[in-house]
Q: 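Got a structure for you, questions after.
Everything numeric in this text was worked out from a predicted model, so none of it was measured. The sequence lines fix the lettering, A, B, ..., with proteins before strands; numbering per chain opens at 1.
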Amino acid sequence: MSWLENIAQKFPGAVKVLPSPAGENVLEVTRDALLAVCAYLKNEHQPGFNFLMDLGGVDYLTFPQPRPERFELICNLFSWPQKVRLRLRVPVPEHDPVVPSVTSLWAGAGWYEREVWDLFGVRFKGLADHRRILLYDEFKGHPLRKDYPISRRHPLVSNEKMSAPGSNGQARTHRIKTPQPGANAQNMLLNMGPSHPAMHGVIHLLLELDGETVESAEVGIGYLHRAFEKDAEAVTWTQVFPYTDRLNYVSPLINNVGYALAVEKVMGLQITERCQYIRVIMSEVSRITDHLTCIAASAMELGAMTGFLYFIKVRDMLYELVEEITGARLTVSYVRIGGVKADLTPTFADNLRKILKELRIALDELHKLLTRNRIFVDRMQGVGVISKQRAIDFGFTGPMLRSCGVDYDVRKAEPYLVYDRLDFDIPYGTNGDNYDRYLVRMEEVEQSVHILEQCLQQIPGGEINVDHEGRVLPASEMADYGKFGRTKGLLQIEALTDPTLSGGNSRLRDNIFPDNKRAVLPAKEKVYGSIEGLMNHFMLIMEGYGIAPPIGEAYQAVEGANGELGFYVISDGSGKPYRVDVRPPCFALMSGFHEMIKGDAVADIIATFGTVNMIAGELDR
Amino acid sequence: MRNLLGGDNFVTSRVDAAVGWARKFSLFQYPFVTACCGMEYMAVSGPQYDLDRFGAALPRFSPRQADVLFVVGTISQKIAPIMRRVYDQMCEPKWVVAFGVCTCTGGFYDNYSTVQGIDTIVPVDVYIPGCPPRPETVLQGIMLLQEKIQKQKQEY
Ligand code: SF4
């Protein structure tokens, strides 16, 4: 009997093992038993599920298969260090959408539950703070319900209200907390953000101060809520990629890869080896840009402008490298389901090596400037501390968790792509303070460089077709040939894609796509050069014909630059995703932020906030 | 002052030109940065593109000290009132730059939570399209703003 069935037997009638074609561990739990089952799984079961990675909702109103109830609550659990994942699915009836809160077990659950209430209108019994989190009080309805129209807006300011002269009184900002009567009368309430230079634009902190010391704090989010999850349901599977770019815009490629892997998991699609290497390379480049940005910005906020200038210079070189391959510096949309958009350019390896050399120099310089700089160390060491246990309770991952001494990294724990063939270390700290986080990030950049060097050595080539005369044609010329019907012989010709339109001078892409034709757009040369290619392309692009994973669901985690980035996708067999749920790493981080700044001085908030590396795009989605 | 110099005559238009020239090279911007465009905003102020050449390098984080409001990134319904508030607090003369398509039109976010262009809330002087705009585009936008400032009738 499997361990899943053991659990089911322990709670007869309340727990059911669900089949999972994607090979995951899934249990269906009744809502009455949820709390007991979770307590058992966390405290008594072996292995114990100490991480609540993600908690989300699904509305099955328009799902083609019958479901027990309209709503469902999803809990993705993870057990560290045993590295086991488990998903609980809890049906919730429409007429009485209430579930027990699990905040008593995992402190990090609070924000997730508020989000489910906000977006789905499911209530939680026992949740102390039951306000909306991403939206605002004036908002009516719950937007992720299937019957909520995507563009029904509830504006807080509008032109008419504004056009009256001097009428700025209408511009009402959002209040996150009403001061408690009876709170220590000497304490001062201070608002930081949402527009504050060190709050990166869109975070709202309400601080209760005793002098300079933070007595308590509350974090308000949602100012950059752009409805990623609703938008993803309105477009085709491929069209979601541009939206994933803008989740974590400091490392967009990792987001691309994560989403693609999740969809491929539902489809059971295997990608080619070369493509796997390309994805690893691009992910690591992205991780480096992310860490550089984070360290540069937090150093700058502490007054070390030089660090900012050094690192942004190198980051710009990396952006240009990314542009060479993908066609864009930032919003890349590079990955495709079943592959990537374009192969590496012939000059890529050389360029990358050159940049890595520059990067090493910049790293050395920054180490000299900061690592033993008295001011920097004083402001970082022992500040923003969080204990290992609390970090786990809140579901921290990434450098934040590793700084407390837990060496959990998805790349090692559950290697995806070709990470298991690469040799690298996971740096981790001991104190869980800002300084350790800084050191962890610096070392991770080193490790990423190491990974990149190995990839450049190991990456297998694929055959590259060259025409019988050895010609290489620019893609634009190829298109012209195609339009005029001169397609004879085009198929064998190697094409150079237009650098400005389609990402560098890439080669014929046969070697980076799997043979499986269900999902993969044919190379442009084929589209222009043969009727089969054209039809293939057309069928994949047209909605209702194109990529349609079988009915099913999967959760796929990748190591984002600031923690575990998870995509939970549900397919109803149609050309559009039924649900795309993101587990953004900094959502968990920010839910524990108030504990990290408690007891520190106001000025320390800047340093701590810098090392959290909060990215509003993925925090608010 | 304008009255003192005798209304719209030769002298005032020369003074206008001089004031415009001075103003266009001392742009103190308030970066209202919310989203992805901020990454390119960082690049623009970084060493490679060097905003300082245009006299616009120094950000002011107090609306009272700023002349130009740079709205960088998506404006959601929730943050819209705050942006409007910042705009209202800025002193005249003031200008607004819409940085990126999200601020120009809403970009590819057409849903319940996003504002479809900041010109529905505040008047905009220069639109810089792009998602995100390349640094070169931003520099061009700044030069266009300078041109506009130079040519406009000055208040003083
Ligand atoms: S314009 Fe594009 S890059 Fe800029 S904030 Fe909007 S989505 Fe992001």
Q: State, yes or no, whether a side-chain contact exists between A:Phe139 and B:Gln77 at a heavy-atom distance under 4.5 Å.
A: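 Side-chain contact under 4.5 Å: no.
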Q: For chain B, find which of A:Ile312, A:Ile615, A:Thr331 contributes the most heavy-atom pairs closer than 4.5 angstrom.
A: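 The residue among A:Ile312, A:Ile615, A:Thr331 with the greatest pair count is A:Thr331.
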Q: Using 30° and 60° as the class boundaries, would you call the ring planes of A:Tyr243 and B:Phe108 parallel, tilted or perpendicular?
A: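 The arrangement is parallel - the two ring planes meet at less than 30°.
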Q: With a sphere of 6.0 Å drawn around NZ of B:Lys94, does it hold more than 12 non-hydrogen atoms of other residues, nucleotides or ligands?
A: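 Yes - once you tally the heavy atoms of other residues, nucleotides and ligands closer than 6.0 Å, there are more than 12.
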Q: Picking from A:Pro242, A:Ala227, A:Ser151, which has the most non-hydrogen pairs under 4.5 angstrom with chain B?
A: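 Of the options given, most contacts go to A:Ala227.
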Q: Less than 4.5 Å apart, any side-chain heavy atom of A:Tyr319 and any of B:Met39?
A: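 Result yes, sub-4.5 Å side-chain heavy-atom pair found.
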Q: B:Val115, B:Thr114, B:Val86, B:Val72: which one forms the most heavy-atom pairs within less than 4.5 Å of chain A?
A: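 Of the options given, most contacts go to B:Thr114.
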Q: Cation-pi between B:Lys78 and A:Tyr223: NZ/CZ under 6.0 Å from ring centre and within 45° of the ring axis?
A: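 Ring-cation test returns yes.
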Q: Tell me, for A:Phe228 versus chain B, whether the close heavy atoms (under 4.5 Å) come from the side chain, the backbone, both or neither.
A: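 No part of it gets close to chain B.
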Q: Write out, in numerical order, the residues from residues 129-144 of chain B with a heavy atom short of 4.5 Å from a heavy atom in chain A.
A: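 When heavy atoms of chain A are the reference, residues 129-144 of chain B contributes B:Cys131, B:Pro132, B:Arg134, B:Pro135 within the under-4.5 Å range.
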Q: At a 4.5 Å cut-off on heavy atoms, which part of A:Leu330 comes close to chain B: side chain, backbone, both, or neither?
A: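 The side chain, not the backbone.
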Q: Within the structure provided, determine whether B:Ser76 and A:His225 are in side-chain contact (heavy-atom separation under 4.5 Å).
A: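 In short, these two side chains do not touch, never coming nearer than 4.5 Å.
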Q: Are A:Arg153 and B:Asp110 within salt-bridge range, i.e. N to O under 4.0 Å?
A: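 Salt bridge flag = yes for B:Asp110 with A:Arg153.
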Q: What's the separation between atom OH in B:Tyr112 and atom CG in A:Asp231, rounded to the nearest 0.5 Å?
A: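 Reported value, rounded in 0.5 Å steps: 8.0 Å.
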Q: Please flag which part of A:Gln239 lies under 4.5 Å from any non-hydrogen atom of chain B: side chain, backbone, both or neither.
A: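 No part of it gets close to chain B.
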Q: Which bit of A:Pro252 comes within less than 4.5 Å of chain B, counting heavy atoms only: side chain, backbone, both or neither?
A: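 Looking at A:Pro252, nothing touches chain B.
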Q: Which distance, rounded to the nearest 0.5 Å, do you find between the CG of B:Asn111 and the CD of A:Glu229?
A: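 The CD atom of A:Glu229 is 12.0 Å from CG of B:Asn111, to the nearest 0.5 Å.
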Q: Donor-acceptor pair, distance only, cut-off 3.5 Å: does the side chain of B:Thr34 make one with the backbone of A:Val202?
A: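 No, the answer is negative, given that no donor and acceptor are paired below the 3.5 Å cut-off.
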Q: Please classify the contact between A:Leu134 and chain B as side chain, backbone, both or neither, with a heavy-atom cut-off of under 4.5 Å.
A: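 The backbone, not the side chain.
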Q: Looking only at heavy atoms and a cut-off of under 4.5 Å, which of A:His154, A:Arg246, A:Arg315 has the most pairs with chain B?
A: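 Heavy-atom pair counts peak at A:Arg246.
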Q: Would one find more than 12 heavy atoms of other residues, nucleotides or ligands at under 6.0 Å from atom NZ of A:Lys146?
A: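 Yes.
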Q: Looking at CD1 of B:Ile79 and CG of A:Asp620, how far apart are the two atoms once the value is rounded to the nearest 0.5 Å?
A: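 So the gap between those two atoms works out to 9.0 Å.
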Q: For the pair B:Thr74 and A:Arg226, evaluate side-chain hydrogen bond (donor to acceptor under 3.5 Å, both in side chains) and give the outcome as yes or no after the intermediate values.
A: CA-CA 8 Å; B:Thr74 321; A:Arg226 298 190 279 196; 2.7 Å; yes
